[in-house]
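Count residues from 1 along the sequence.
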Amino acid sequence: MLSKRDVEAVIRHPERIRVYYQPVVNLTSGRPWGYEALARGEGILAKPGRLFKSAEAWGLLGELDAACFKAFLAAGRPGEGVLAVNVTAAGLVNLDAAAYANPSLIVELTEYGRREPQQLREAIAAWQRMGAMLAIDDVGPDIGQLRAALYLKPDFIKLDRSLVAGCDRHSSKRLFLAQALEVCRFLGAGVIAEGIEKPGELKVLRDLGVEYGQGYLLGRPQPGWEKAIMAGEG
């Protein structure tokens, strides 16, 4: 775990955060539909998962989340398409929806700093009133994110890589994906599949009717809009 001082240093100096963008692709057309903003950098920012887990342990998750969120939006947005930004529960309730929400923004609720879904309803309603969309990230075998999806009725559900990996080789995963898609359709939520790395996985997802996807097969995270757009179009 990182020290409290290390986490606080990132919060105090958000200019250290480098914003990378990964294309989110329309699986029918093969064209970029939008981009997900990701926090990267040098040193402790090279492993953002460890940074966020350490922030949670030190009670600094909301502050770190706000610093990253503001860095994402300050870096700009594409001329067309949506921008998906990860937000923890701690960050969601502390960020001012009126200052940041807009119709091209997807707020992705991550698994870090979980709270009971009913504690988030008011905050989410504020973001949606301002035009932003909600996605529940990392929905897979973990019941926590699925419970959040069922209760909060998001605009989008992101299927975790654990469901996607090997779905072309394992019938059990294809069955689980099909069942997950039924839940998404029941909720009226769009579906985004994460971590697509092999052509066989992409084919299965298309055949199942998954609308959107991202992963190394479709485009790796790139620093800056120009590189991200070129990678998405390639």
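- Between the side chain of Glu201 and the main chain of Ile196, no donor-acceptor pair closer than 3.5 Å is present.
- Both Leu218 and Leu83 belong to a single network of hydrophobic side chains, linked directly or stepwise wherever heavy atoms of I, L, V, M, F, W or Y lie under 4.5 Å apart.
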Residue pair Thr88, Asp65: steps toward the side chain to side chain donor-acceptor pair (under 3.5 Å) verdict: CA-CA 7 Å; Thr88 68; Asp65 205 33; 3.0 Å; yes
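- Annotation: Arg206, atom CZ; neighbour count of heavy atoms from other residues, nucleotides and ligands within 6.0 Å is above 12.
- More than 12 heavy atoms of other residues, nucleotides or ligands shown are found within 6.0 angstrom of CD on Glu15.
- Inter-residue side-chain proximity for Leu159 and Ile192 is flagged as unmet; no heavy-atom pair is nearer than 4.5 Å.
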Check against side chain to side chain donor-acceptor pair (under 3.5 Å), Glu36 and Gln22: CA-CA 5 Å; Glu36 180 179 2; Gln22 184 172 31; over 6 Å; no
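- When the shell of 6.0 Å around NZ of Lys198 is examined, it contains 12 or fewer heavy atoms from other residues, nucleotides or ligands.
- In this structure, Phe156 has its ring center closer than 6.0 angstrom to the ring center of Trp33.
- Looking at residues two or more places apart in sequence or on another chain, you find no ring pair (Phe, Tyr, Trp, His ring centres under 6.0 Å) involving Tyr20.
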Pair up each side-chain donor or acceptor in residues 129-137 with any protein partner under 3.5 Å, not counting sequence neighbours, and list the distances.
none

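- Partners of Phe72 by ring pair (Phe, Tyr, Trp, His ring centres under 6.0 Å), not counting sequence neighbours: none found.
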